[in-house]
Structure formats: structure tokens, C-alpha cells
Protein chains: 2
Amino acid sequence: MSILPSGKLALNDSAVNRVGSMLKSDDHKPKICDSPVIFTHDAPTMDENNIPKNTASNRRPTLSQVAAAAGVSEITASRAMRGGGLVAKATADRVQAAARELNYVPNRLAGTLAGGASRQVGVILPSLSNSVFADVLKGLEDRLEEAGYQPVLGISNYDPTREERLIENLLSWRPAGIVIAPADMTAASRALLLRAGLPVVEIMDVDATPTDMAVGISHLSAGRAMAHYLVGRGYERFAYLGHSIDSDLRALARLEGFRGALGEVGRELAQCLTLAGPSSVNLGREGLARLLAEAEQPPDLVYFSNDDMAVGGMFHCMAAGISVPGDLALAGFNGLEIGQALPVPLTTTASNRAAIGTEAARQLLQRFKGGMPEKISDVGFRLIPGQTA
Amino acid sequence: MSILPSGKLALNDSAVNRVGSMLKSDDHKPKICDSPVIFTHDAPTMDENNIPKNTASNRRPTLSQVAAAAGVSEITASRAMRGGGLVAKATADRVQAAARELNYVPNRLAGTLAGGASRQVGVILPSLSNSVFADVLKGLEDRLEEAGYQPVLGISNYDPTREERLIENLLSWRPAGIVIAPADMTAASRALLLRAGLPVVEIMDVDATPTDMAVGISHLSAGRAMAHYLVGRGYERFAYLGHSIDSDLRALARLEGFRGALGEVGRELAQCLTLAGPSSVNLGREGLARLLAEAEQPPDLVYFSNDDMAVGGMFHCMAAGISVPGDLALAGFNGLEIGQALPVPLTTTASNRAAIGTEAARQLLQRFKGGMPEKISDVGFRLIPGQTA
DNA sequence: TTGAAAGCGCTAACAG
DNA sequence: CTGTTAGCGCTTTCAA
């Protein structure tokens with residue numbers, strides 16, 4: 001961690017200049033235009049849906065122009081641009097120079113249509129509202145980008161119908177593969193994926209048998225593990241506080257694992273409250289207040305559907321003067337940074353989100369190369385003891 | 001908020017069944033396969049980069065097959081599928097029925113290549129690590145999806161070189177437009193966008209003159225506004241705590257606005273500490289400890305580079321028994337939910353992130369329809385008084 | 001309201 | 001190592 005002398009901000013010259021020009025604002029205009037192509041805005045011609053067509057005015061240099069400039073055939077230019085050493089070094093250099101000269105940007109639509117590999121990967125996530133899926137996506141994008149693939153994104157909002165439509169839309173781009181964190185796939189959704197005949201990775205969850213491949217953890221086991229841990233710590237009156245669980249099957253699986261494991265050791269879930277709406281810190285905060293108000297006999301531990309909810313619960317305790325874990329113990333799920341940064345670090349389960357993303361990418365890339373990786377990859381979870389339970 | 005009786009979890013039957021089958025696991029196998037196409041895995045033939053080619057075995061029904069099945073020409077089928085009423089209702093119905101029958105999924109690569117509108121939008125963000133860009137992306141994706149567009153994503157990690165490479169990669173898919181939250185665009189990046197001749201929305205920041213369009217807020221003004229507010233509240237010894245600011249130009253602009261406004265009213269920034277690495281709750285927590293330890297004379301207010309950092313600062317205060325705002329006042333930036341859910345809600349600036357996403361989509365969609373929206377759209381910020389300063 | 005012809009920009013397959 | 005030929009699946013003309 002580089003720390004700078006107080007009262008002074010270390011900036012390199014260019015940073016200072018940038019701020020300078022921000023203040024003066026107008027000389028920030030881009031002056032870079034070494035190409036003869038001008039950025040024009042004639043109203044474009046429209047198709048029947050009032051969408052502009054690809055008119056000739058939008059046209060960019062093509063491979064055949066590059067080839068002509070380099071004095072080779074189109075296919076040689078194609079090979080030179082793609083690398084692979086099928087072309088004499090001198091020729092390849094000439095082609096690449098010509099391409100640079102003309103500001104050539106390959107058209108992958110054409111390349112893919114003509115039989116090249118796609119290099120797009122469809123990604124469907126149920127939400128971006130908590131950092132969980134953002135973390136997964138980050139890991140995924142990172143590995144894909146590194147391998148030259150681009151994610152094409154869709155958010156299902158936990159809506160099976162929207163999920164189905166997204167799958168169809170993404171498939172229309174003929175991606176090389178699909179990564180999906182299923183909300184609750186319809187039969188039609190599964191059929192679409194199956195018929196597409198491309199690698200599909202279902203992420204987050206390994207409890208169900210996947211269509212093709214799965215990467216994630218067992219949420220059922222995660223719930224069970226937490227129950228065993230907490231029983232071992234001596235808690236007796238257990239409560240659960242969750243968000244709209246009917247659309248979040250993974251949270252539901254954790255709950256069922258938790259409840260089931262309690263049952264096996266002769267305990268029960270004394271109180272179980274689920275609130276409508278997506279999980280959030282506020283929902284956890286307000287929900288805990290409500291749960292405690294409604295309790296006939298107060299619980300000594302509350303298991304939350306995730307860390308967002310649990311952090312909210314913790315904030316309620318702070319505000320209400322409830323000592324944690326003295327008066328009430330709390331446990332979450334995910335192992336988010338925020339939970340561990342709390343003055344009293346949260347007892348929770350680390351869900352290895354980034355690993356899910358990178359592992360999904362690995363599976364996919366391996367399949368793209370013709371490999372046949374394991375069908376199910378369990379990245380595992382880790383119980384974080386913390387200090388709230 | 002629907003709250004269920006305690007001790008009992010409301011589940012619809014299907015949810016119960018789903019969990020049931022999770023527990024039994026194996027009968028979860030998909031049984032849906034009403035198509036004759038079998039999901040096979042012959043090792044595919046490879047191209048020179050060892051990437052599977054689009055072999056005939058992967059082939060899906062084409063428009064011409066649909067046309068044949070419906071007894072019309074290809075172009076009529078094309079028009080029928082795209083709607084627009086250029087085809088007799090009866091014909092269109094016949095075509096659509098045939099398409100459904102054959103499980104036809106249009107090939108948009110071919111459609112776009114042939115001159116149809118693209119319906120992909122390139123999106124480049126610097127990070128997904130804090131929820132800020134996830135919020136923007138969510139708003140953006142939502143509107144785009146609704147209008148039939150798909151975002152193609154790239155994450156630059158605040159790296160100008162990677163940003164440049166991403167722009168080129170995305171352009172190779174010939175998207176209908178680009179949305180970019182610039183890290184620090186190189187001359188080459190700007191030139192690429194300019195030459196592409198397509199709608200480009202630069203988001204987050206409206207301080208600089210955009211290449212094409214800009215949607216965001218003035219971070220300079222946001223910093224200034226906070227300074228004025230805090231001076232008005234009577235604070236006198238100001239400190240700043242930030243993350244690696246040389247790569248986050250917007251945080252830098254806020255700092256400069258803050259510092260500048262202090263200067264104008266005869267105050268100064270007594271202490272200014274920037275830490276390497278991306279912003280995080282822990283960085284804020286540890287950073288504040290460090291800042292206070294290093295201070296010759298303790299500040300009475302700390303302005304953080306954003307809410308993540310400020311929440312971390314708050315946690316440090318809680319853990320160290322520093323009363324907020326009594327002993328020390330804190331202010332952040334972004335207006336994240338977590339800051340407002342704190343036992344003492346954070347003084348901060350709401351940055352309207354979802355609005356930035358939806359507004360960027362609106363601008364883009366309007367341009368796609370041939371409109372010429374304003375070049376700069378300032379969605380504005382709002383100072384949230386909170387109770388920490 | 002429908003169709004025929006032509007071609008988008010690229011790559012595979014086969015030749016030399 | 002390089003080139004020729006023939007499409008990929010769709011949409012745009014232009015014509016009926």
C-alpha cells in the first residue's frame with residue numbers, strides 16, 4: 001500500500017494536466033482524427049421496424065481491400081490476420097502493415113458466418129443487484145477476454161419467461177457456448193439449450209443434474225454445514241430470515257439443508273420468516289426487527305438467506321443495542337467483504353464466487369478446444385467462523 | 001412486504017417439489033427433448049488456432065427450410081419473421097407456424113451481415129468490483145433488452161491498453177452502438193470510436209467534451225457541492241481518504257472539486273491520503289486508521305473517495321470507539337444502499353447510477369431510430385445529508 | 001403482397 | 001506457402 005505524505009496528493013504530470021483540462025473543459029475536445037473518414041450524422045435510412053440499415057456510408061475497409069493493398073489474395077490476407085504461421089513471415093508482415101494503414105477492423109460476423117469459430121459466449125444471470133453475480137461475471141469475463149472471447153449478457157430478473165426469451169436471443173448470435181445461472185428453467189429453456197448443441201455451463205449450483213455441465217457448490221450442503229456448526233456452538237432456538245425465496249432456488253436449498261440438518265439432530269427451526277422482494281441490507285435490517293417483534297420467545301440465533309441480509313440484521317442490532325453474539329447470534333451466506341469488515345466479523349459461508357466464474361470459463365474453453373471436462377465441478381464452500389455466532 | 005407466519009415457510013407446491021427433487025437429486029435429469037437433434041460430442045474438427053470449426057453437424061434449421069415448409073420464398077419468410085406487416089396475415093401465420101415447428105432460431109450474424117440492423121451494443125466498464133457499475137449495467141441491460149438489443153460486455157480494469165483492445169474487439173462484432181465508462185481513453189481509442197461512425201455514449205462523467213454523447217454527472221461539481229455543504233456545517237480541519245486515484249479520473253475530479261471549493265472559501269485540505277489498489281470497505285477501514293495515526297492534528301472531517309471507503313471508515317470508528325459525527329465526521333460518494341442502512345446513515349452524494357444506465361440506453365435507442373438527442377445529458381446528483389457529518 | 005437476383009465479408013476446401 | 005472457387009444465412013435492391 002503506497003501512502004503519500006499528508007497534505008499532498010501524488011499525481012504524475014499527466015494526471016495533473018487532465019484535471020487542469022477538466023477545469024478548462026473546452027480544450028478537452030478530441031483532436032485525433034488521422035483517418036479521412038468523417039463522423040457524420042445524416043439521418044439513416046430505416047427498415048420496416050424503423051431501425052437504421054447498414055448503409056454504404058457506414059462501410060469500413062474490408063479484408064479484400066487489405067489484400068489488394070498488400071498485393072496478395074484475400075485468403076492469404078485472411079490467414080495472415082489470423083496468425084497460425086501458415087503464411088510466410090514477410091507476407092504476413094506486409095498484410096498486417098496494410099491492415100494497420102487502412103485501420104482495418106475485422107468483421108467477425110462475416111468470419112463466424114463463413115465457418116470460423118464464434119468467440120462470443122452467452123451469459124445469463126438472474127440479477128446484478130448484489131455483488132454475488134457481479135463477482136462471478138468479473139471472473140468469467142476476465143478469463144474469456146484473455147482467451148479472446150466476449151460475453152454477451154442477459155439478466156433474467158429471476159423470471160423464467162424472460163430467461164427463456166434471453167436464451168433464444170443469445171442463441172441467435174450463434175455463440176460458442178452459454179453460461180447460465182438458472183433462475184428456474186422452463187422445459188422450453190432446457191429444450192432450447194439441448195437443441196443448440198453447444199457447450200452449456202450451469203453455474204452456482206451443483207445439486208441438480210445439469211443439462212450439460214455445472215460449476216458451483218451444493219447449497220443444500222452449505223445449509224447443512226452451517227446448521228451443524230451452529231448446533232456445535234450450542235445454539236438452541238434457531239430462526240431463519242430470508243428474501244423472496246420462491247424465486248431464488250439456491251437460497252431455498254440452503255434453507256432446506258439447514259432445516260433438514262437441524263431435524264436430524266433433534267432440533268427444529270423455531271421461526272422462519274421470508275420477505276417479498278430481492279435481498280438487501282435494508283430488508284435484512286427491517287426484517288430482523290420484525291422477526292424479533294413477532295417472536296413468542298426470542299431466538300438465540302438467526303440464519304439469514306445471505307450476507308446482505310445478515311449485514312442488515314447486524315445494523316439493526318447495533319442500532320437497537322442488541323449485543324452480538326451475546327444477546328443474539330447471526331449467520332449469513334456468501335462471505336462478502338462487507339461482512340468481514342464489520343466491527344464484529346460475520347459468521348458465514350464463503351461461496352467462492354470468483355472461482356465459479358473462472359472455473360466456468362475454464363470448462364468452456366476446454367470444451368472449445370475439443371476437451372471433455374468433468375460434467376460437474378464443485379468449487380466447494382468454506383465456513384467462516386467470524387465472531388457473530 | 002408479505003410476511004409469513006413464523007415457524008412456517010410459505011411455498012407453492014412446485015417449490016416444494018423442486019426441493020424434494022433436489023434432495024433426491026437423480027430424478028432431476030432433463031427429460032425434455034422433443035426434437036430429433038441429439039446433443040452429441042464428437043470431438044470437433046479444429047482450425048489453425050485449435051478452435052472447433054462450425055461443422056455441418058452443428059447446423060440448425062435455416063430460413064430457407066422454414067420458407068420451404070411454409071411454401072413461400074425465402075424473402076417472404078424473412079419478412080414474415082421480422083414482422084412489419086409487409087406480408088399477408090395468413091402467409092405470416094403459416095411461416096411462423098413452420099418456424100415453430102422446425103425450432104427455427106434466426107441467425108442474426110447472417111441477418112446483420114446482409115445489411116440488417118445489428119442489435120448488439122458494446123459495453124465497456126472499468127470494473128464490476130463495487131456495485132456502482134453493476135447498477136449502471138443493470139439499468140442499461142434492462143432497457144436494451146426490452147428494445148431487443150443485447151449488451152456485449154468488456155471490463156477494462158481501469159487499464160487504457162485493455163480498454164483500447166476491448167474497443168477494437170467489440171467493434172469487430174459491428175454493434176449498433178457503444179456505451180463506455182472510460183478509464184482513460186488513449187488517442188487510439190478515441191480514433192477507433194470516431195472512425196467506427198456509430199453512436200457512442202460515454203457514461204458517468206459530463207465534465208469533458210465527449211467524442212459523441214455523454215451521460216452522467218459532473219464529478220467536479222459533486223466534490224464542490226460536498227465541500228460547500230460541509231463548510232456550511234462548520235467543519236474546519238478537512239482530510240481526504242481515497243483509493244488509487246491516478247486510474248480513477250472521476251474520483252480525482254471529485255477531489256479537485258472538493259479541494260478547489262475549500263480554497264475558494266479560504267480553507268484547505270489539511271490531509272490527503274491515497275492508497276494503492278481499488279476501493280473497498282477494508283481499504284477504507286484500514287486507511288482511516290492509518291490516516292488518523294499519521295495526523296499531526298486530527299481532522300474533524302474525512303471525505304472519502306466513495307461510499308465503500310466511507311463505510312469502511314465508519315466500521316473503523318465503531319471498532320475504535322470513535323463517535324461519529326461527534327469525534328469525527330465522515331462523508332462519502334455514491335449514495336449506496338449500504339451507507340444509508342448504517343445505524344448512523346452516511347452523509348454522501350447520490351450519483352443516480354441506474355438513471356445513467358437507462359438514460360444511456362435512451363440516448364442510444366433514440367439515435368438508432370434516427371433521432372439526434374442532446375450531446376450531453378447530466379442526470380444530476382443529490383447531496384444526502386445523512387447523519388455522519 | 002410476393003418473388004428473383006445479387007451480395008454482405010469472410011473462411012473452408014481443395015488445388016497448385 | 002499461396003490461390004481459386006464456393007458458399008455461410010440472411011437481407012437489400014429491383015421487379016412483378
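Quantities reported herein were computed from a predicted structural model and do not represent experimental measurements. Quick note on labels: first sequence line is chain A, next is B, and so on, each numbered from 1.
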Nearest-Å distance, [atom1] ([X]) to [atom2] ([N])?
{"X": "B:L86", "N": "C:dG3", "atom1": "CG", "atom2": "P", "value": "13 Å"}
{"X": "A:N107", "N": "C:dT11", "atom1": "CG", "atom2": "P", "value": "9 Å"}
{"X": "A:L109", "N": "C:dG7", "atom1": "CG", "atom2": "C1'", "value": "15 Å"}
{"X": "B:L102", "N": "D:dG9", "atom1": "CG", "atom2": "C1'", "value": "15 Å"}
{"X": "B:R174", "N": "D:dC10", "atom1": "CZ", "atom2": "C1'", "value": "17 Å"}
{"X": "B:Q65", "N": "D:dC8", "atom1": "CD", "atom2": "P", "value": "11 Å"}
{"X": "B:L63", "N": "D:dC8", "atom1": "CG", "atom2": "P", "value": "13 Å"}
{"X": "B:L171", "N": "C:dG9", "atom1": "CG", "atom2": "P", "value": "16 Å"}

Checklist entry - Short question: side chain of A:Q120, backbone of A:Q150 - any donor-acceptor pair under 3.5 Å? => result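 Not at all, since once roles are kept as given, no pair shorter than 3.5 Å links the two residues.
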Quick one: closest heavy-atom pair of [X] and [Y], and the distance?
{"X": "B:L365", "Y": "B:A147", "answer": "CD2-CB, 3.7 Å"}
{"X": "A:E163", "Y": "A:A181", "answer": "OE2-O, 4.0 Å"}
{"X": "B:A134", "Y": "A:L128", "answer": "CB-O, 3.8 Å"}

Only pairs under 3.5 Å count here: list side-chain donor-acceptor contacts from residues 94-101 of chain A, not counting sequence neighbours, and write none if there are none.
unit_1	atom_1	unit_2	atom_2	d
A:R94	NH1	A:A70	O	2.5
A:Q96	NE2	A:A80	O	3.0

Checklist entry - Do you see a donor-acceptor pair shorter than 3.5 Å between the side chains of B:E359 and B:S377? => result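 There is such a pair between these side chains.
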Next on the checklist: If we count only N and O atoms by modelled type, under 3.5 Å, do the side chains of A:E164 and A:T186 hold a donor and an acceptor together?
Outcome noted: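 Checked: A:E164/A:T186 side chains pair up, N/O donor to acceptor below 3.5 Å.
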Next on the checklist: When the axes are fitted on five pairs at both termini, how much does the helix from C:dT1-D:dA16 to C:dG16-D:dC1 curve, in 10° steps?
Outcome noted: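 If I round to tens, the end axes sit 20° apart.
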OP1 or OP2 of [N] versus the side-chain N and O atoms of [X]: is any pair under 4.0 Å?
{"X": "B:S78", "N": "D:dC10", "value": "no"}
{"X": "A:R82", "N": "C:dA12", "value": "yes"}
{"X": "A:T112", "N": "C:dT11", "value": "no"}

Next on the checklist: Does B:N169 form a side-chain hydrogen bond (donor to acceptor under 3.5 Å, both in side chains) with A:R108? I'd like the steps, not just the answer.
Outcome noted: CA-CA 9 Å; B:N169 277 335; A:R108 302 214 200 209; 2.9 Å; yes
Tabulated below should be each protein N or O lying under 3.5 Å from an N or O of nucleotides 3-7 of chain D; please produce it.
unit_1	atom_1	unit_2	atom_2	d
D:dG3	OP2	A:S73	N	3.1
D:dG3	OP2	A:S73	OG	3.2
D:dG3	OP2	A:T76	OG1	2.7
D:dG3	N7	A:R79	NH1	3.2
D:dG3	O6	A:R79	NH2	2.6

Checklist entry - Which residues, if any, of residues 92-99 of chain B bring a heavy atom under 4.0 Å of DNA chain D? => result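 Per residue number, the list is empty: none.
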Next on the checklist: Run the salt bridge (Lys or Arg N to Asp or Glu O under 4.0 Å) test against A:R174 and tell me which residues pass, sequence neighbours left out.
Outcome noted: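 Checked A:R174 against salt bridge (Lys or Arg N to Asp or Glu O under 4.0 Å); zero matches.
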Checklist entry - Can you name the salt bridge (Lys or Arg N to Asp or Glu O under 4.0 Å) partners of B:R162, sequence neighbours left out? => result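 Only A:E141, A:D142, A:E145 meet the salt bridge (Lys or Arg N to Asp or Glu O under 4.0 Å) criterion with B:R162.
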Next on the checklist: I'd like to know if B:E168 and B:R195 make a salt bridge, using a cut-off of under 4.0 Å between side-chain N and carboxylate O.
Outcome noted: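 A salt bridge is absent here (no side-chain N lies under 4.0 Å from a carboxylate O).
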